[in-house]
Amino acid sequence: LRSAMEAAKAESNTLQAEIEQSNYFQEQVDNETYYRLLADVQNLETEKERDNIRLRRLNSERQELQSVLDQLATERDALQEIAQKSKKELQDERMTLDMYK
């Protein structure tokens, strides 16, 4: 009976040591996973900041290009109006010339 108790105690000690080792190993894995995930989050935040900077730059360029486009459209409209006035004046002059022929 005594040897059975000693064997059970030894088995219990062995199991306790295995549990402690497993717990230590799991803590190590959890810590590594935590720091890896933390690094991933920091990398994603850095990428987000870079994307935001790029987006602001692109928006600024788009606004500048839209301003140039609006200016060119205004100039085109003014030139078309001048061209129409010139055509009308030319037609009026031709009509006048035709009347005196």
Side-chain angles (χ1 to χ4, degrees):
L1 183 65
R2 187 169 221 180
S3 72
M5 285 185 63
E6 287 176 4
K9 188 173 183 179
E11 181 69 20
S12 173
N13 288 339
T14 302
L15 290 175
Q16 185 64 33
E18 287 178 9
I19 290 172
E20 288 175 8
Q21 185 178 8
S22 292
N23 286 340
Y24 176 79
F25 177 75
Q26 187 61 46
E27 285 178 18
Q28 293 296 94
V29 169
D30 289 346
N31 283 335
E32 288 176 15
T33 301
Y34 170 78
Y35 286 111
R36 194 174 310 123
L37 291 173
L38 184 63
D40 289 344
V41 167
Q42 290 173 342
N43 289 337
L44 289 171
E45 288 174 350
T46 301
E47 285 180 37
K48 179 183 173 188
E49 290 174 20
R50 287 180 183 159
D51 288 345
N52 285 337
I53 291 169
R54 184 173 182 265
L55 182 59
R56 283 193 300 270
R57 190 182 80 244
L58 289 173
N59 280 334
S60 176
E61 289 177 16
R62 184 184 56 80
Q63 288 173 350
E64 289 174 16
L65 290 172
Q66 186 63 48
S67 176
V68 170
L69 182 62
D70 292 344
Q71 181 182 356
L72 289 173
T74 301
E75 290 176 14
R76 181 200 63 214
D77 293 344
L79 289 173
Q80 284 177 343
E81 188 175 323
I82 291 170
Q84 286 182 351
K85 285 181 182 179
S86 297
K87 283 181 184 178
K88 181 157 179 22
E89 288 176 9
L90 182 60
Q91 286 175 346
D92 291 346
E93 291 294 324
R94 284 185 179 156
M95 196 181 302
T96 303
L97 283 174
D98 287 343
M99 286 175 36
Y100 288 109
K101 282 188 180 179

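Computed over heavy atoms, backbone and side chain alike; hydrogens, waters and symmetry mates excluded. None of these values were measured; they are calculated from a predicted model.
Other members of the cluster containing Leu44 do not exist, because no ILVMFWY side chain is joined to it at under 4.5 Å. Cluster partners of Leu65: none. The rule joins Ile, Leu, Val, Met, Phe, Trp and Tyr whenever side-chain heavy atoms lie under 4.5 Å apart, and it links nothing here. Other cluster members for Tyr34: Tyr35, Leu38, joined by side-chain heavy-atom distances under 4.5 Å among Ile, Leu, Val, Met, Phe, Trp and Tyr. Other members of the hydrophobic cluster containing Val68, listed by chain and number, are Leu72; membership follows side-chain contacts under 4.5 Å among ILVMFWY residues, whether direct or relayed.
For Leu15, the side-chain contact (heavy atoms from CB on, under 4.5 Å) partners at least two apart in sequence or on another chain are Glu11, Glu18. Residues meeting the side chain to side chain donor-acceptor pair (under 3.5 Å) test with Gln26, sequence neighbours left out: Asp30. For Glu61, the side-chain contact (heavy atoms from CB on, under 4.5 Å) partners at least two apart in sequence or on another chain are Arg57, Leu58. Under the side-chain contact (heavy atoms from CB on, under 4.5 Å) criterion, Asn52 pairs with Lys48, Arg56, not counting sequence neighbours. With sequence neighbours excluded, the residues satisfying side-chain contact (heavy atoms from CB on, under 4.5 Å) with Leu37 are Thr33, Asp40.
Enclosure of atom CD in Gln21 is not indicated, since only 12 or fewer non-hydrogen atoms of other residues, nucleotides or ligands lie within 6.0 angstrom.
Applying the side chain to side chain donor-acceptor pair (under 3.5 Å) test to pairs two or more places apart or on separate chains, those with a residue in residues 64-79 are Gln66-Asp70, Gln71-Glu75.
Note that the OG1 atom of Thr14 and the NZ atom of Lys9 stand 12.5 Å from one another [nearest 0.5 Å].
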Distance-only donor-acceptor pairs under 3.5 Å for side chains of residues 83-91, two or more places apart:
from, atom 1, to, atom 2, distance (Å)
Ser86, OG, Ile82, O, 3.0

